[in-house]
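Since the structure comes first, as structure tokens, the remarks are kept for the end.
Letters A, B, ... mirror the listed sequences (proteins, then strands); counts begin at 1. The basis for the numbers below is simple: all heavy atoms, side chains too, and nothing from hydrogens, waters or symmetry mates.
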There are 2 protein chains.
Amino acid sequence: MAKLSSVQQKFILHWGEMGTRWGINRTVAQMHALIFISPKPLNAEEIADTLVVARSNVSNSLKELQGWGIVKRVHVLGDSRDHFESMKDVWEMFRVVLDERKKREIDPTVALLRDCVAEAHKDKETDEYTEQKLKELADFFDVTTAWYGQIRQWPTGALTKFVKAGDKIRKLLGIGG
Amino acid sequence: MAKLSSVQQKFILHWGEMGTRWGINRTVAQMHALIFISPKPLNAEEIADTLVVARSNVSNSLKELQGWGIVKRVHVLGDSRDHFESMKDVWEMFRVVLDERKKREIDPTVALLRDCVAEAHKDKETDEYTEQKLKELADFFDVTTAWYGQIRQWPTGALTKFVKAGDKIRKLLGIGG
DNA sequence: CTGTCATTTCCGTATTCACAGAACTTGCTT
DNA sequence: AAGCAAGTTCTGTGAATACGGAAATGACAG
């Protein structure tokens with residue numbers, strides 16, 4: 001994988017750009033792309049050579065990816081160096097990322113919103129309207145996270161079934177469409 | 001709203017941080033927070049004064065927010081200046097943002113992935129495994145976007161019903177849990 | 001114990017991005 | 001038609017972040 005094919009390059013560059021759009025460092029995302037499409041575990045040097053970035057950069061970015069839980073350190077027989085491979089299943093990979101983002105970002109946000117609502121209710125300076133809007137936001141996150149909590153444990157493939165069952169679901173819930 | 005209450009400040013700052021985590025400029029997110037919790041439409045100067053940022057910055061950020069479709073220009077009787085207000089309904093607001101992100105980021109990604117898969121299938125340099133993984137990614141996005149296409153048109157409140165109907169849904173889809 | 005290889009940490013530089021202020025444009029008012 | 005107010009665009013500066021290279025640490029073999 002030292003030399004990338006045109007297709008591999010295209011994908012890795014695009015994935016890097018996607019990363020930046022979602023608050024993920026470009027090279028972290030590129031590294032993830034590379035490891036994800038690699039048929040075999042890669043060591044740090046291979047990664048650095050392939051993407052033309054410094055070893056130190058690779059080291060830090062690998063730690064980041066492992067922090068997200070989507071890349072794991074593995075060992076290759078007869079090679080003392082650390083190797084890295086990606087979580088293989090796409091569905092599980094996104095589930096892991098979403099779980100992590102929920103933990104890091106959504107949960108603290110809901111907590112803060114609840115605090116704000118409580119405080120706003122007491123103080124005199126905060127407008128009634130503001131309090132209402134913050135409450136709506138908090139409720140929104142509560143519902144969506146509860147809902148995510150349900151579907152996250154569906155087996156892979158259930159979502160496809162769900163899409164196909166569209167009408168039935170609507171009837172079951174008694175909603176228009 | 002020229003002077004912010006402690007609660008308002010806390011929320012606006014947090015929302016700004018959240019923005020950066022999701023690839024949105026901090027002050028753009030702060031401005032959105034401010035406009036969202038404001039009981040009345042705000043003009044550019046008020047926003048600049050309240051958040052202590054330059055008018056030019058406000059002008060650009062407002063354009064950005066309008067580009068996302070979650071802030072609109074409105075007029076106030078007896079005032080020639082432009083005023084701005086946020087989309088009021090939280091659910092619709094997030095629907096709009098998700099639609100936009102799908103259009104800007106997901107759709108082009110799927111298109112690129114399909115290109116990559118097709119090209120990889122022809123060329124000799126790209127590993128079979130890589131092709132397989134890219135296909136899985138593309139399929140993943142196809143299913144999730146189709147699924148989003150369904151629930152995005154559910155009326156507000158349907159998601160709550162959905163959460164409560166958890167078991168029934170699972171049975172209907174014939175999946176374990 | 002010593003030397004080698006792999007990895008991580010540290011630090012200064014470089015690149016990128018955000019932003020303020022000025023210049024410019026538009027449109028209204030008289 | 002000149003002046004003013006509001007809004008936008010442009011440009012240089014500053015801050016934040018990313019990154020490369022050097023130094024340090026750790027792991028192992030002889």
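Mapping Ser80(A) and Val52(B) onto DNA chain C by nearest heavy atom places Ser80(A) at the nucleotide closer to the 5' end.
Ion pairing between Lys40(A) and Asp127(B) fails under the 4.0 Å rule for side-chain N and carboxylate O. Lys103(B) has no carboxylate O lying under 4.0 Å from a charged side-chain N of Asp99(B), or vice versa, which leaves the two without a salt bridge.
A donor-acceptor contact closer than 3.5 angstrom is absent between the side chains of Glu128(B) and Gln132(B).
Within the helix from dC1(C)-dG30(D) to dT30(C)-dA1(D), the inter-axis angle between the opening and closing five-pair segments is 10°, rounded to 10°.
Checked against side chain to side chain contact (heavy atoms under 4.5 Å, CB included), Lys88(B) has the following partners two or more places apart in sequence or in another chain: Tyr129(A), Lys133(A), Glu85(B). The side chain to side chain contact (heavy atoms under 4.5 Å, CB included) test applied to Ala54(B) returns Ser56(B), Asn57(B), not counting sequence neighbours. Thr126(A) pairs by the side-chain hydrogen bond (donor to acceptor under 3.5 Å, both in side chains) definition with Asp123(A), Ser5(B), not counting sequence neighbours. With sequence neighbours excluded, the residues satisfying side chain to side chain contact (heavy atoms under 4.5 Å, CB included) with Gln66(B) are Leu62(B), Val71(B), Arg73(B), Phe84(B). Taking the side chain to side chain contact (heavy atoms under 4.5 Å, CB included) definition, one finds that Val143(A) meets it with Trp91(B), Leu159(B), Thr160(B), sequence neighbours left out.
For DNA chain D, the outermost nucleotides in 5' to 3' order that have an atom under 4.0 Å from a heavy atom of chain B are dA6(D) to dT9(D).
A donor-acceptor contact shorter than 3.5 Å is absent between the side chain of Ser59(B) and the backbone of Arg55(B). Side chain of Glu46(A) to backbone of Asn43(A): a donor-acceptor contact under 3.5 angstrom is found. Under a 3.5 Å cut-off, the side chain of Ser61(B) and the backbone N or O of Val58(B) do not form any donor-acceptor pair.
Spacing between atom CG of Leu42(A) and atom P of dA6(C) amounts to 16 Å, rounded to whole angstrom units. Distance CG (Asn43(A)) to C1' (dC5(C)): 12 Å, rounded to an integer number of Å. With rounding to whole Å, Leu51(B) atom CG is found 10 Å from dA20(C) atom P.
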Enumerate the protein-to-nucleotides 23-30 of chain C contacts in which both atoms are nitrogen or oxygen and the separation is below 3.5 Å.
none

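Less than 4.0 Å separates DNA chain C from at least one heavy atom of each of the following residues of residues 57-67 of chain A: Ser59(A), Asn60(A), Lys63(A). A heavy atom closer than 4.0 Å to some atom of DNA chain D occurs in Asn25(A), Thr27(A), these being the qualifying members of residues 20-28 of chain A.
Phosphate proximity of dT7(C) to Arg55(A): present, with a side-chain N or O under 4.0 Å from OP1 or OP2.
The salt bridge (Lys or Arg N to Asp or Glu O under 4.0 Å) pairs that include a residue from residues 13-33 of chain A are Glu17(A)-Arg26(A), Arg21(A)-Glu105(B), where partners are two or more places apart or lie in different chains.
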inquiry  = Working note: Asp142(A) + Arg114(A), criterion salt bridge (Lys or Arg N to Asp or Glu O under 4.0 Å); need CA distance, chi angles, decisive distance, verdict.
reply    = CA-CA 11 Å; Asp142(A) 275 346; Arg114(A) 291 291 174 209; 2.5 Å; yes
Can you give each donor-acceptor pair under 3.5 Å made by side-chain atoms of residues 9-16 of chain B, sequence neighbours left out, with the distance rounded to 0.1 Å?
| residue | atom | partner | partner atom | Å |
| --- | --- | --- | --- | --- |
| Lys10(B) | NZ | Glu119(A) | OE1 | 3.0 |
| His14(B) | NE2 | Thr109(A) | OG1 | 2.8 |
| Trp15(B) | NE1 | His32(B) | ND1 | 3.1 |

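Both tests pass for Arg101(B) against the ring of Trp22(A): distance under 6.0 Å to the centre and angle within 45° of the axis.
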